[in-house]
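Below is one structure; the comments refer to it alone.
Worth knowing before you read on, the calculation uses all heavy atoms, side chains too, and leaves out hydrogens, waters and symmetry mates. Remember, predicted model here, so these are calculated numbers, not experimental data.
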Amino acid sequence: IFSIVVFGSIVNECYVNKDSQSPELLCIFNENESACSYGIAVGIIAFFGCIFFFVVDLYFQQISSVKDRKRAVLLDLGFSGFLSFLWFVAFCFLANQWQRTTMSKGVLQGADTARAAITFSFFSIIVWVALAVKALQRYRLGTDMSLFATDQFAADPNAAYPGYPTGSGIESTETYQSPPFTETIEANPKGYQVPAY
């Protein structure tokens with residue numbers, strides 16, 4: 001949601017006319033096009049990354065290979081750490097350019113939107129660092145532990161491993177309808193002639 005606020009606010013209201021005579025739209029952050037472009041790019045990358053990792057989390061239990069699970073967790077960890085860095089740069093860059101911006105009539109119209117983009121860039125740093133820490137904890141826990149259901153483990157850590165469930169103790173006398181691998185083989189089946197050599 002924070003990424004939508006950042007890139008949406010920059011796209012919608014952070015491009016203003018310098019004055020009423022000029023039809024050219026300029027970035028509100030010190031007329032630096034790079035600041036607006038960077039904020040939009042990081043916001044879009046974060047948005048699509050969130051969607052991708054949400055889908056990965058939904059299907060994580062269905063990934064049967066431990067190596068694939070480990071790769072998914074490492075990818076999540078790396079992406080979260082990388083986006084934490086990108087949001088930190090975005091916050092510093094946008095705040096620096098906003099500090100250098102000279103106030104004019106056009107800038108005052110989009111000032112609240114620019115401040116919102118800077119504020120939510122800061123909040124995004126916190127969120128992505130938290131996601132990176134969560135991914136690190138998940139990695140340390142071990143991706144193979146998620147293959148086991150929690151009901152298989154005893155509540156007491158010193159308790160013995162529960163064995164297989166036992167039956168009623170009465171075995172059926174009819175284990176097979178016919179004994180396995182005991183077919184009667186005819187010497188000359190019908191329709192087949194033994195070739196004479």
All pairs passing side chain to side chain donor-acceptor pair (under 3.5 Å) where residues 124-133 contributes a residue, at least two apart: none
Non-neighbouring partners of Phe122 that pass ring pair (Phe, Tyr, Trp, His ring centres under 6.0 Å), sequence neighbours left out: Phe91
Student check: side-chain heavy atoms of Leu141 and Gln137 closer than 4.5 Å: no
Validation row: Ser34, Phe93 side chains within 4.5 angstrom (heavy atoms): yes
Distance, nearest 0.5 Å, that separates CD1 of Ile126 from CG of Leu131: 12.0 Å
Heavy-atom closest pair, residues Ala135 and Val73: O-CG1, 3.7 Å
Partners meeting side-chain contact (heavy atoms from CB on, under 4.5 Å) with Phe85 (sequence neighbours left out): Val89
Of all pairs that satisfy side chain to side chain donor-acceptor pair (under 3.5 Å), the ones with a partner from residues 79-99, not counting sequence neighbours: Asn30-Gln97, Asn32-Gln97, Asp76-Ser80, Asn96-Arg100
Tyr38 side chain vs Leu94 backbone, donor-acceptor pair below 3.5 Å: no
Distance, nearest 0.5 Å, that separates CD1 of Ile40 from OG of Ser3: 13.0 Å
Closest non-hydrogen atom pair between Arg69 and Gln62, with its separation: NH2-N, 4.4 Å
Under 3.5 Å donor-acceptor pairs involving side-chain atoms of residues 44-57, not counting sequence neighbours:
residue, atom, partner, partner atom, Å
Asp57, OD1, Arg138, NH1, 3.2

Residues in salt bridge (charged side-chain N to carboxylate O under 4.0 Å, His left out) contact with Arg115, at least two apart in sequence or another chain: Asp112
